[in-house]
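Since the structure is predicted, the reported quantities are computational estimates derived from the model, not experimental observations.
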Amino acid sequence: MKCQRCDRPATFHITELTGAKPLELHLCEDHAREYLAHPGSETPTPSSMAAAIAQQMAQQLVVGQTAEELARLDQQVCPVCGISFHEFRSQGRLGCPNDYLAFESQLDPLIVNIHGESEHVGKTPKRSSQGSEKRTQLIRLRREMTEAVSEEDYERASRLRDEIRRIEESET
């Protein structure tokens, strides 16, 4: 297929959904670059091209800052379960209830965007929250036990194992 503005091959196929019906454009690389800098404008002026270039450079800086910030955030780890923010972003699941505190500044905007609120206003469970506290403690103890074994601190690992068993037996 040829470019709609010249005889070169069209390598960009753009569909605009701004009007009542879709508008398809088939452009070569040069005309696509020109179109993306000035959508809807056939002949850009030098001043509008300079403004567009400045805007694109500003967007590149923002994208670079965002990527750096995201890389820094991905290194954050929950002190209880050990899940990193990167793992949460990849899996879409948190590791424990403490993650809401560990990643609070990142999760608040996400929760507000999804639910419209960041505070729970619905029903509360009839059973006590003590069970979730025990589960959180068990997660933390198991992670510590795994770390102790990997560090070859077997005495600490056995103490942690015994504490885990004690907590599990008190639940039944």
Using a 6.0 Å cut-off, check whether atom [atom1] of [X] has over 12 heavy atoms from anything other than its own residue.
X	atom1	answer
H86	NE2	no
E155	CD	no
D162	CG	yes

Presence of salt bridge, R33 and E29, under 4.0 angstrom: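 Between R33 and E29 there is a salt bridge, with a charged N closer than 4.0 Å to a carboxylate O.
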Taking only Lys NZ, Arg NE, NH1 and NH2, and the carboxylate oxygens of Asp or Glu, determine whether R140 and E144 approach each other closer than 4.0 Å.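 Counted as a salt bridge, because a side-chain N and a carboxylate O are separated by less than 4.0 Å.
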Can you list the steps and then say if N98 with I139 is a side-chain contact (heavy atoms from CB on, under 4.5 Å)? CA-CA 11 Å; N98 190 66; I139 290 169; over 6 Å; no
Pairing donors with acceptors under 3.5 angstrom, does anything connect the side chains of S150 and E147?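 No donor-acceptor contact under 3.5 Å links the two side chains.
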Minimum heavy-atom separation for Q106 to P109, with atom names?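 Nearest pair, atom of Q106 first, then P109: O-CD, 3.6 Å.
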What heavy-atom pair brings V149 and A157 nearest, and what distance separates the two atoms?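 Smallest interatomic distance, heavy atoms only, reads CG2-CB, 3.8 Å.
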If two hydrophobic side chains count as joined below 4.5 Å and joins carry through other members, does [X] share a cluster with [Y]?
X	Y	answer
I167	L160	yes
F12	L25	no
F103	V77	no
F85	I83	yes

For a salt bridge (Lys or Arg N to Asp or Glu O under 4.0 Å) check, start with the C-alpha distance between R165 and E169, then their side-chain angles and the critical distance, and finish with the verdict. CA-CA 6 Å; R165 284 183 182 162; E169 288 172 1; over 6 Å; no
So if I apply the salt bridge (charged side-chain N to carboxylate O under 4.0 Å, His left out) rule between E168 and each of R135, R142, R161, which one comes out positive?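 When salt bridge (charged side-chain N to carboxylate O under 4.0 Å, His left out) is applied between E168 and each of R135, R142, R161, only R142 qualifies.
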Distance, nearest 0.5 Å, that separates NE2 of H26 from NZ of K2: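 Reported to 0.5 Å precision, the distance equals 14.5 Å.
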From L138 atom CG to C81 atom SG, the distance as rounded to the nearest 0.5 Å: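 It is 13.5 Å, given to the nearest 0.5 Å.
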Quick check: do [X] and [Y] have side-chain heavy atoms less than 4.5 Å from each other?
X	Y	result
C28	P9	no
Q4	H31	no
E163	M145	no

Okay, side chain of [X], backbone of [Y]: is any donor-acceptor separation there less than 3.5 Å?
X	Y	value
D99	C96	yes
R143	V80	yes
E87	S84	yes

When you look at D30 and R5, which way does the salt bridge (Lys or Arg N to Asp or Glu O under 4.0 Å) test go after all the steps? CA-CA 10 Å; D30 292 338; R5 295 186 186 170; over 6 Å; no
